[in-house]
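To keep things clear, I will list the structure first and then write my remarks on it.
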Amino acid sequence: WKVFSIFLLSTVLIFSITACGGETDEQEEALDDENSGAESSQEDNNEEIDESVDDTEEEEPIKEDEVVDPNEFQGKYFTSEVEEDQALSNWIENKKFESGVYQYPEDEKIYMIAGGERNTGGYFVQITEEKLEGEDLTLHYKIHSPGPGDMVTQAITYPYLLIRIAEEVEKVNFVEQ
């Protein structure tokens, strides 16, 4: 039994080392080649991006596949930096349940774009483009949804964006994309 036990233990040990063992030198070289190829193509992409940067004044609309922090998008004619007092917070709490665009009655320059009730987290509202024609401003906005593989909060959420319009704007039009 001792010889059989040692043979069995040796077999299991050898099997586990070869089955779960590290990569061979050839596998390591192949992985190194793939990684260095990915790094050099990333560098090439970065160079192409740097070369294509244009110093034009007009901002291009945000494309569907771009990942953007919705709080970082500040336009020329609006800002998402709005100080909330108790009255404004109460108004938001009452309006956020229904999808739509709402003008704050106590300050005609404050608007809320509400996405309505959503079953999970991962949703957000974002201004994608702004156009000023005379004193009329048109804001294009989108309610972004989480992607199919995104990890999201499993709770009911109410995405919205609160913005203040610039003083020189007389009329605001909102267009959902």
Side-chain angles (χ1 to χ4, degrees), residues 35 38-39 41-177:
N35 289 340
E39 287 172 2
S41 69
Q42 180 65 32
E43 289 172 5
D44 292 343
N45 288 342
N46 287 343
E47 288 174 8
E48 289 174 15
I49 290 171
D50 289 342
E51 291 171 5
S52 68
V53 171
D54 193 347
D55 289 339
T56 59
E57 297 255 342
E58 187 174 329
E59 293 181 24
E60 293 191 25
I62 295 168
K63 296 182 178 45
E64 180 107 15
D65 58 346
E66 288 185 50
V67 178
V68 176
D69 182 354
N71 297 321
E72 288 183 6
F73 189 87
Q74 298 291 315
K76 294 179 185 176
Y77 304 103
F78 75 92
T79 180
S80 60
E81 294 177 14
V82 179
E83 289 186 36
E84 287 188 37
D85 59 9
Q86 189 61 44
L88 182 57
S89 294
N90 291 341
W91 179 77
I92 291 169
E93 285 301 313
N94 290 323
K95 295 291 185 184
K96 70 180 183 180
F97 298 100
E98 294 293 324
S99 184
V101 178
Y102 303 99
Q103 184 178 22
Y104 185 48
E106 294 184 27
D107 184 341
E108 62 186 32
K109 295 295 183 180
I110 295 178
Y111 288 85
M112 179 174 78
I113 306 169
E117 184 175 295
R118 304 297 172 152
N119 291 330
T120 66
Y123 293 87
F124 65 94
V125 179
Q126 179 182 41
I127 305 282
T128 57
E129 186 178 355
E130 65 178 345
K131 292 181 185 176
L132 184 68
E133 295 176 2
E135 296 176 348
D136 295 349
L137 177 64
T138 301
L139 295 176
H140 295 261
Y141 70 94
K142 181 171 181 167
I143 301 171
H144 290 271
S145 303
D150 291 351
M151 292 182 62
V152 296
T153 304
Q154 297 299 309
I156 294 176
T157 60
Y158 305 93
Y160 68 87
L161 178 63
L162 194 63
I163 60 172
R164 177 179 300 279
I165 303 298
E167 292 298 322
E168 63 265 21
V169 174
E170 284 295 316
K171 182 179 176 192
V172 184
N173 300 306
F174 291 90
V175 178
E176 184 173 5
Q177 295 180 322

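For clarity, every value in this text was computed on a predicted model and none was experimentally measured.
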Over 12 foreign heavy atoms within 6.0 Å of CG, Asn119: no
Beyond-backbone contact of Val152 with Thr157, side-chain heavy atoms, under 4.5 angstrom: no
NZ/NE/NH1/NH2 to OD/OE distance under 4.0 Å, Lys131 and Glu133: no
From CA spacing to verdict: side chain to side chain contact (heavy atoms under 4.5 Å, CB included), Leu162, Glu84: CA-CA 10 Å; Leu162 194 63; Glu84 287 188 37; 4.1 Å; yes
Pairwise distance NZ(Lys171) to CD(Glu135) - rounded to 0.5 angstrom: 12.0 Å
Side-chain (Gln103) to main-chain (Glu108) donor-acceptor, under 3.5 angstrom: yes
Distance in Å, Asp107 CG paired with Leu88 CG, rounded so as to fall on 0.5 Å steps: 8.5 Å
Tyr158: which of Glu117, Lys96, Lys95 passes side-chain hydrogen bond (donor to acceptor under 3.5 Å, both in side chains): Glu117
Leu161 side, atom CG; Ile163 side, atom CD1 - distance, nearest 0.5 Å: 6.0 Å
Nearest-0.5 Å distance that lies between atom CD1 in Ile113 and atom CD in Gln126: 10.5 Å
Set of residues satisfying ring-ring contact (aromatic ring centres under 6.0 Å, His included) with respect to Tyr141, sequence neighbours excluded: none
Ring centroid separation Tyr111 to Phe174 under 6.0 Å: yes
Between CZ on residue Arg164 and NZ on residue Lys109, distance to nearest 0.5 Å: 10.0 Å
